[in-house]
Amino acid sequence: RDRFGRGLRLFNDGDNAGALAEFKRANELSPHPVVAYNIGLVYAAMGRAVEAVATLDEVIKNPGTLARDKLERAGRTRDEQAQRIAELEVKANVEGAELEIDGLPVGKLPLSKPIKVTSGSRVVGVTAPGYIPERREITLAGATTLAFNTAGLNGVISGAGGLIKNGVGIATLSGAN
């Protein structure tokens, strides 16, 4: 209860990161639909649409004793956030290459399905040991799918509008928008 109360105070004070930490800890200690509901709302307030939708889907699926007005708000917020999600298809010529989104590892290539990301500007990176990493900033609109194809991770990286050979920039890489 203390963690949940702190989470509410932090959220109301505009400290979304602090509120998220408190709500997540409260949910670890004692899982409850009201706590999960608040986690979903915090994710939405933070602009983390993918996490908001996943959390609110669970709340809607297992509402427990969640009040009707909160369940309705969960549904509305979930639908609003779903419109902010884009899908990203990434391909590379090196099997097992590591995919990064905004500097965080998200999986190894090839992917079994597109990755869901919150719309906006994202830095997509593909790295593999012994190869020159490729990173590009891309812009994704919500409710769309973008294909991102790396042209080569074998010492030569090429991309839309640029080429890097053996670590020396011949031209600058530009994002695929």
Side-chain angles (χ1 to χ4, degrees), residues 1-92 97-126 135-149 175-177:
R1 287 185 180 251
D2 290 340
R3 296 260 181 209
F4 182 77
R6 274 194 295 257
L8 284 176
R9 282 190 300 281
L10 291 167
F11 183 70
N12 290 331
D13 289 345
D15 182 357
N16 293 328
L20 181 61
E22 293 295 340
F23 286 142
K24 286 177 99 175
R25 182 65 179 139
N27 205 46
E28 289 170 5
L29 295 170
S30 181
H32 193 277
V34 172
V35 180
Y37 163 81
N38 281 283
I39 291 171
L41 294 183
V42 172
Y43 277 137
M46 294 175 79
R48 294 172 59 177
V50 175
E51 294 95 334
V53 167
T55 304
L56 293 171
D57 278 347
E58 281 300 312
V59 169
I60 292 164
K61 183 178 170 185
N62 300 303
T65 59
L66 192 66
R68 183 183 183 111
D69 63 322
K70 286 184 175 25
L71 188 56
E72 289 172 358
R73 183 174 179 196
R76 283 192 311 273
T77 302
R78 184 247 176 256
D79 291 346
E80 290 165 2
Q81 293 299 303
Q83 293 301 308
R84 300 188 62 233
I85 295 176
E87 290 189 335
L88 183 61
E89 295 177 357
V90 181
K91 295 181 181 169
E98 184 78 32
L99 174 63
E100 302 171 349
I101 306 288
D102 296 332
L104 299 174
V106 294
K108 296 211 180 274
L109 300 176
L111 300 172
S112 60
K113 61 183 180 179
I115 292 193
K116 294 179 186 278
V117 296
T118 301
S119 61
S121 292
R122 300 281 162 250
V123 176
V124 178
V126 178
R135 290 183 180 85
R136 281 191 248 161
E137 183 173 0
I138 59 172
T139 302
L140 299 110
T144 61
T145 300
L146 176 70
F148 179 87
N149 191 12
N177 296 324

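All values below come from the heavy atoms of this structure, side chains included, with hydrogens, waters and symmetry mates left out.
Listed by first and then second residue, the side chain to side chain donor-acceptor pair (under 3.5 Å) pairs that reach into residues 7-16 come to none, sequence neighbours excluded. Legend: salt bridge (charged side-chain N to carboxylate O under 4.0 Å, His left out) pairs involving residues 52-66, not counting sequence neighbours, sorted by first then second residue: Asp57-Arg78.
Of the charged side-chain nitrogens involved, none lies within less than 4.0 Å of a carboxylate oxygen, so that Arg122 and Glu137 do not count as a salt-bridged pair. Ion pair Arg135/Glu100 flagged as a salt bridge, since at least one NZ, NE, NH1 or NH2 atom sits closer than 4.0 Å to an Asp/Glu carboxylate oxygen. We find that Glu28 and Lys24 are not joined by a salt bridge, their nearest charged nitrogen and carboxylate oxygen being 4.0 Å or further apart. Checked for salt-bridge contact, Arg25 and Glu22 miss the test: no charged N lies under 4.0 Å from a carboxylate O.
Qualifying side-chain hydrogen bond (donor to acceptor under 3.5 Å, both in side chains) partners for Gln83, counting only residues two or more places apart in sequence or in other chains: none. Qualifying ring pair (Phe, Tyr, Trp, His ring centres under 6.0 Å) partners for Phe11, counting only residues two or more places apart in sequence or in other chains: none. Under the rule for a side chain to side chain contact (heavy atoms under 4.5 Å, CB included), the partners of Gln81 that lie at least two apart in sequence or sit in another chain are Ala44, Ala49, Ala52, Val53, Thr77, Arg84. Remark: Tyr43 engages no residue in a ring pair (Phe, Tyr, Trp, His ring centres under 6.0 Å) (not counting sequence neighbours).
Taking all atoms of both residues into account, the shortest heavy-atom contact from Val35 to Ala26 is CG1-CB, 4.2 Å. Contact detail for Thr118 and Gly47: the closest heavy-atom pair is CG2-O, 3.3 Å.
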Is there a side chain to side chain contact (heavy atoms under 4.5 Å, CB included) between Ile39 and Leu20? Walk through the geometry before answering.
CA-CA 6 Å; Ile39 291 171; Leu20 181 61; 3.9 Å; yes

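Rounded to the nearest 0.5 Å, atoms CG (Leu88) and OG1 (Thr144) are 9.5 Å apart.
In summary, of the residues considered (Ile60, Leu66, Thr55), a side chain to side chain contact (heavy atoms under 4.5 Å, CB included) with Tyr37 occurs for Leu66 alone.
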